[in-house]
Engineer: 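Pasting a structure below so you can have a look.
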There are 2 protein chains.
Amino acid sequence: MPPETRERILETAARLFHEQGYAATGIATILREAGVNAGSLYHFFPNKEALLAAVLKRYEALLQPVVLTPQETAHSDPVERVFGLLAWYRAGLEATGCRLGCPIGNLALELSDTHPEVRPLIDVNFRNWASGIERWLDDAAERLPRDCDRARLSRFILTVMEGGIMQARTSNSLEPFDDSVAVLRDHFDRLLREKRRN
Amino acid sequence: MPPETRERILETAARLFHEQGYAATGIATILREAGVNAGSLYHFFPNKEALLAAVLKRYEALLQPVVLTPQETAHSDPVERVFGLLAWYRAGLEATGCRLGCPIGNLALELSDTHPEVRPLIDVNFRNWASGIERWLDDAAERLPRDCDRARLSRFILTVMEGGIMQARTSNSLEPFDDSVAVLRDHFDRLLREKRRN
DNA sequence: ACAGCAATTGAATGATCATTCAAGTTCAGT
DNA sequence: ACTGAACTTGAATGATCATTCAATTGCTGT
């Protein structure tokens with residue numbers, strides 16, 4: 001294993017970008033907190049933006065093992081997986097006092113316009129996230145209305161999560177997140193009830 | 001009128017914070033684009049964060065005349081006001097090629113954690129926005145289910161808007177926004193249909 | 001033992017950062 | 001005309017920004 005240093009830089013950068021944002025995080029801070037010299041960082045990453053790209057690649061790799069698989073093993077019911085995932089994000093908010101939020105969502109709003117090279121990497125993260133949910137919804141296809149667009153619904157779940165997190169952070173309260181999830185649950189109840197009627 | 005300068009600084013700062021984010025916008029850029037010297041800016045605003053606070057106060061003042069009133073005059077049906085407002089945001093995305101997004105949402109994710117003094121100002125903006133929607137929903141109360149929590153639903157509309165904008169920007173496509181609005185419309189249809197049954 | 005490359009050191013670079021301030025200008029009230 | 005305050009000028013401040021690089025160390029294959 002050559003580069004344990006590289007991994008430490010990556011972890012530290014990911015944490016600081018999450019805590020402070022990309023522009024607000026200086027290379028010097030990353031170096032200090034990772035216990036590394038400038039030359040080492042620039043040995044592995046040509047510049048700050050490449051470091052960010054590597055962080056986003058890392059998130060991409062962590063999606064299945066860290067985000068999706070735990071819900072898949074915890075819940076056999078695919079609909080419960082969806083709300084288990086939302087509960088997991090909620091737990092993150094609770095643990096941090098409604099801070100941090102979604103690392104990818106934060107970078108999305110900060111950098112989508114101004115960093116054309118990283119925007120696609122954020123996009124892929126969101127797409128993979130939604131695809132994972134969509135697979136769950138496909139497993140519940142027979143309980144949903146026949147005309148239910150599951151790809152659209154999976155993206156909607158991401159919408160609700162990101163929008164709910166945003167309001168939870170600004171209000172410093174879990175209530176807007178919980179309320180958003182409650183309305184989503186209500187919508188699911190109606191979808192599942194409609195099918196039962198058929 | 002003494003301070004037309006103050007207004008120009010405020011407008012320029014608002015635009016640049018929207019286009020580039022807060023941390024990524026340097027005072028020098030604001031000065032250049034507003035055609036103002038450093039001393040003038042610091043005559044009106046003690047520091048960068050106070051300038052940001054003034055920008056957020058300005059957004060607060062613009063909510064009713066710029067955001068709410070146009071929908072209220074355009075649509076008498078309160079439910080159509082909701083979707084008219086979403087269509088207005090959509091038009092903004094379309095006009096900019098899915099850039100910029102919601103100025104307040106952007107600042108919310110960038111600064112909620114790290115700038116404790118401005119977080120409440122962002123919060124107030126969101127609360128006023130949701131309160132405006134809630135008033136519309138109250139006007140449609142008799143068409144909605146009796147147990148419908150309209151405050152919760154108004155916040156949900158904000159959730160859908162912000163979450164939809166985020167995905168539209170990262171994917172550089174209106175589709176996720178349109179899809180999110182479509183699911184919200186479906187939910188409203190179900191709410192309105194349920195009532196009709198009573 | 002040695003060649004050669006990967007990894008690391010850490011000081012230096014010039015640009016840009018937010019902010020300051022003494023000196024000047026403009027203008028309303030008298 | 002004169003006072004005083006509001007406003008503007010614009011150069012200077014020191015801190016921090018991302019990045020560079022020549023020199024040094026550590027390790028791997030022979």
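Each chain gets a letter, A, B and so on, in the order its sequence line appears, and its residues count up from 1.
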Engineer: Can you check whether A:Arg119's main-chain N or O pairs, donor with acceptor, with A:Ser112's side chain at less than 3.5 Å?
Structural biologist: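 No; zero donor-acceptor contacts below 3.5 Å.
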Engineer: Whole Å only: how far is the CD atom of B:Glu49 from the P atom of C:dT19?
Structural biologist: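 Rounding to the nearest Å, CD of B:Glu49 and P of C:dT19 are 9 Å apart.
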Engineer: Can you tell me how far P of D:dC17 sits from CG of A:Leu41, to the nearest Å?
Structural biologist: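 Answer to the nearest Å: 14 Å.
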Engineer: Of the options D:dT19, C:dT20, C:dT8, whose atoms approach the side-chain atoms of A:Phe44 most closely?
Structural biologist: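 My answer, after comparing the listed nucleotides, is C:dT8.
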Engineer: Does C:dA7 have its OP1 or OP2 closer than 4.0 Å to a side-chain nitrogen or oxygen of A:His43?
Structural biologist: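 True: A:His43 side-chain N/O within range (under 4.0 Å) of C:dA7 OP1/OP2.
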Engineer: Should A:Trp88 and A:Ile104 be counted in the same cluster of Ile, Leu, Val, Met, Phe, Trp and Tyr side chains packed under 4.5 Å apart?
Structural biologist: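 A:Trp88 clusters together with A:Ile104.
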Engineer: Does the B:Glu110 side chain pair with the main chain of B:Ala23, one donor and one acceptor, at a distance under 3.5 Å?
Structural biologist: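 Pair found, side chain donor or acceptor close to backbone of B:Ala23.
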Engineer: Rounded to the nearest angstrom, tell me the gap between atom CG in B:Leu16 and atom C1' in C:dC17.
Structural biologist: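 The answer, rounded to whole Å, is 16 Å.
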Engineer: Taking 4.0 Å as the cut-off, does a side-chain nitrogen or oxygen of B:Tyr42 come that near to OP1 or OP2 on C:dT19?
Structural biologist: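 For B:Tyr42, the contact criterion (side-chain N or O under 4.0 Å from OP1 or OP2 of C:dT19) is met.
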Engineer: Near DNA chain D, counting only heavy atoms under 4.0 Å, which residues of residues 28-36 of chain B show up?
Structural biologist: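 Contacting residues: none.
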Engineer: Base, sugar-phosphate or nothing for A:Gly26? Non-hydrogen atoms, less than 4.0 Å.
Structural biologist: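 Answer is sugar-phosphate: A:Gly26 comes under 4.0 Å of backbone atoms only.
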Engineer: Is a side-chain donor-acceptor pair under 3.5 Å present for A:Gln20 with A:Thr25?
Structural biologist: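 On atom types as modelled, these side chains qualify, holding a pair under 3.5 Å.
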Engineer: Would you mind telling me which of C:dA7, C:dT19, C:dG10 lies closest to the side-chain atoms of A:Asn37?
Structural biologist: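 Out of C:dA7, C:dT19, C:dG10, the nucleotide with an atom closest to A:Asn37's side chain is C:dG10.
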Engineer: Out of C:dA18, D:dT9, D:dT19, which has the shortest distance to the side chain of B:Ser40?
Structural biologist: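 Shortest atom-to-atom distance from the side chain points to D:dT9.
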Engineer: Distance check needed: D:dT19 C1' versus A:Ile9 CD1, whole Å only.
Structural biologist: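 Computing the A:Ile9:CD1 to D:dT19:C1' distance gives 14 Å.
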Engineer: Just to confirm, is there a sub-4.0 Å distance from OP1 or OP2 of C:dT8 to any side-chain nitrogen or oxygen of A:Thr5?
Structural biologist: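 Looking at the OP1 and OP2 atoms of C:dT8, one of them is under 4.0 Å from a side-chain N or O of A:Thr5.
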Engineer: Quickly work out the B:Ile27 CD1 to D:dA15 C1' distance and round it to whole Å.
Structural biologist: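 So the CD1-C1' distance, B:Ile27 to D:dA15, works out to 15 Å.
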Engineer: With a 6.0 Å cut-off (strictly less than), is the heavy-atom count around CD of B:Glu117, excluding the residue itself, greater than 12?
Structural biologist: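 Incorrect, the count does not exceed 12.
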Engineer: Can you tell me how far P of C:dA18 sits from NZ of B:Lys48, to the nearest Å?
Structural biologist: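 Between P of C:dA18 and NZ of B:Lys48: 4 Å.
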Engineer: Is the charged tip of B:Arg90 near the ring of B:Phe177: under 6.0 Å from the six-membered ring centre and within 45° of its axis?
Structural biologist: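 Negative - B:Arg90 is either too far from the ring of B:Phe177 or too far off its axis.
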Engineer: Please check this pair: side chain of A:Asn106 against backbone of B:Leu109, looking for a donor-acceptor N/O pair closer than 3.5 Å.
Structural biologist: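 Pair absent, no side-chain N/O of A:Asn106 close to backbone of B:Leu109.
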